[in-house]
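Please read through the structure below; I'll follow up with questions.
Read the numbers this way: they start at 1 and go in the same order the structure lists the ligands and their atoms.
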Amino acid sequence: MPESATSAAPLSGGDFDALAKAYGTPAYVYDLTRTEQAYTDLAAALPEGSRIYFSLKANPHPALVRHLGGLGACPEVSSAGELDAVLAAGRPAGDVLYTGPGKTSAELDRALSAGVRVLSAESFADLERIGAAAERHGVDVDCLLRVNAPDAAGGSGLRMTGTSSQFGFDYDRLVEGWPAFRPPARVTVRGFHFFPLTNARDETTLLGEMAQSVRCAAELSRRLGIPLELLDLGGGFAAPYAGPGTRPRYPALRAGLERVLDEHLPDTDRRPVLAFESGRYLVADCGTLLTTVVDVKESKGRMYAVLDAGINALGGLSATGRVLPADIGPDVTGMSGPERTADLVGPLCTPLDRLARRVRLDGLAPGDVLRVPNTGAYGLTASLLGFLSRPVAAEVVTVAGHVVEASRLTLVRTTEGEIQP
Ligand SMILES: *Cc1c(COP(=O)(O)O)cnc(C)c1O
């Protein structure tokens with residue numbers, strides 16, 4: 001463990017430099033102390049007794065799953081690999097909510113034999129496949145029906161429902177189809193699942209969407225005779241991404257939600273367990289990507305800083321058209337020299353490998369280690385890990401300045417005999 005990383009204080013610039021030296025770059029550093037703070041903040045913003053699901057999509061690192069699990073979060077997974085990460089973290093499959101629009105029969109078999117018993121169903125056919133798998137395994141499972149609610153409240157980050165969507169049952173289709181549908185014998189529908197938006201713009205938007213979901217669930221329960229025991233209102237809790245900034249707080253959300261429940265589900269004895277999901281809010285700000293400047297060069301009046309981390313390590317999703325904010329945040333304070341800007345580019349042989357445009361680069365030189373903050377969510381595993389066949393960035397987990405584990409994912413080619421259908 002690097003000397004300077006052993007203090008109890010949060011990681012300092014010197015600690016990060018020591019970690020870069022010890023583990024090389026690119027490297028992600030995840031500070032579990034911050035994850036814990038995020039969980040505490042989120043729990044405080046939600047009604048008492050709410051269940052919080054951690055969406056592994058944001059970051060499936062087992063240390064995060066284990067730590068959040070220890071605090072009380074349940075895992076929300078959407079693939080066999082995410083389920084493996086839960087098991088590797090020593091968390092029980094019985095706590096898992098299994099979601100996603102393309103659950104195959106083979107995948108369901110694996111999930112049920114691992115002990116998963118709560119799933120979100122995305123369509124009538126999905127519900128039937130879940131039922132058939134439960135039958136094969138001789139087990140009973142609980143399902144939530146994921147609903148694409150009508151006329152959602154308004155502007156947001158990335159809309160997932162409300163309009164045409166590959167996710168969930170359209171409200172109208174569910175209402176039309178349910179009376180004639182025979183739910184599979186081993187499936188009990190316990191309630192509804194909504195996930196109308198991600199990265200909400202503000203607290204009002206968030207509360208508006210959740211209120212709409214509660215209203216919709218109450219109505220569906222009444223119209224279809226489905227008891228409302230578990231109500232997953234999704235999330236949308238925001239966090240900064242790969243740039244400076246802090247997580248928002250939601251000081252009015254708890255009271256707002258309680259008002260909404262009083263209005264739409266007035267019978268307090270028969271209130272459902274409320275569930276919420278979050279990826280980015282819980283883990284975004286625990287992560288810092290360390291990357292080294294390999295080269296600084298000029299081309300026709302424009303500066304380029306070539307880093308050892310590109311879209312193979314960060315922002316792979318941005319290669320589909322989104323470019324990171326220009327304030328990607330190398331910590332340049334204290335650097336001298338004339339103020340200049342440069343594009344931050346990665347080492348991959350494609351002009352798409354650009355992490356940021358026109359970043360201030362006072363005196364930046366090869367060998368400098370940059371710190372990209374707020375990269376704990378949608379960082380490494382949302383990137384193009386296999387492209388250009390570079391080693392995957394190391395991942396270092398710290399608690400109060402101490403390194404507790406370090407590892408590196410690898411892509412391994414198996415032999416033909418090891419390929420499972
Ligand atoms: C992506 C996703 C999440 C997590 O979203 P965040 O914005 O990271 O909180 C939760 N639930 C579902 C169903 C998702 O698709």
Exercise. In terms of side-chain heavy atoms, does N148 have a donor or acceptor partner in S165 at a distance below 3.5 Å?
Worked result: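 Their side chains do not contain a donor-acceptor pair, so the 3.5 Å distance test is not met.
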Exercise. Under a heavy-atom criterion of less than 4.0 Å, does Y53 contact ligand 1?
Worked result: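 No.
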Problem set entry | Side-chain donor or acceptor of H402 paired with backbone N/O of V404 under 3.5 Å | no
Exercise. Which atoms of ligand 1 have any heavy atom of S55 under 4.0 Å away?
Worked result: 3 (C), 4 (C), 10 (C), 11 (N)
Exercise. With a cut-off of 4.0 Å, which atoms of ligand 1 are near a heavy atom of K57?
Worked result: 1 (C), 2 (C), 3 (C), 14 (C), 15 (O)
For this session: Using a strict 4.0 Å cut-off to heavy atoms of Y378, name the atoms of ligand 1 that fall inside it.
Result: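 Atoms satisfying the 4.0 Å criterion: 1 (C), 4 (C), 5 (O), 6 (P), 8 (O).
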Exercise. Would D95 and R117 satisfy salt bridge (charged side-chain N to carboxylate O under 4.0 Å, His left out), going step by step from the backbone distance to the final call?
Worked result: CA-CA 8 Å; D95 284 356; R117 293 293 179 270; over 6 Å; no
Exercise. Any N/O of F237 closer than 3.5 Å to an N/O of ligand 1?
Worked result: no
Problem set entry | H193-ligand 1 polar pair, N/O distance under 3.5 Å | no
For this session: Indicate yes or no for a side-chain donor-acceptor contact from N374 to the backbone of G245 under 3.5 Å, with no hydrogens or angles considered.
Result: yes
Exercise. Would you say S278 touches ligand 1, if touching means a heavy atom closer than 4.0 Å?
Worked result: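 It does, in that a heavy atom of S278 comes within the 4.0 Å cut-off of ligand 1.
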For this session: Could you tell me whether the side chain of R91 and the main chain of V86 form a donor-acceptor pair under 3.5 Å?
Result: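 No, R91 side chain to V86 backbone: no donor-acceptor pair under 3.5 Å.
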Exercise. Side chains of S123 and D126: donor-acceptor distance under 3.5 Å anywhere?
Worked result: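 Checked: S123/D126 side chains show no N/O donor-acceptor pair below 3.5 Å.
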Problem set entry | Short N or O distance, Y281 and ligand 1, threshold 3.5 Å exclusive |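 No, Y281 has no N/O under 3.5 Å of an N/O on ligand 1.
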For this session: Using a 4.0 Å heavy-atom threshold (strictly under), name the region of R280 that reaches ligand 1: side chain, backbone, both or neither.
Result: both
For this session: Using distance alone, decide if ligand 1 has a nitrogen or oxygen within less than 3.5 Å of any nitrogen or oxygen in R146.
Result: no
For this session: Determine, for Y281 and R247, whether the Lys NZ or Arg CZ falls below 6.0 Å from the six-membered ring centre while staying within 45 degrees of the axis.
Result: yes
Exercise. Looking only at N/O atoms, are T99 and ligand 1 under 3.5 Å apart anywhere?
Worked result: no
For this session: For G279, counting its heavy atoms only, list the atoms of ligand 1 lying under 4.0 Å from any of them.
Result: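 By the 4.0 Å cutoff, the relevant atoms are 4 (C), 6 (P), 8 (O), 9 (O).
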Exercise. Heavy atoms, side chains only, cut-off 4.5 Å: are L290 and R371 in contact?
Worked result: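 Contact flag for L290/R371 side chains = yes.
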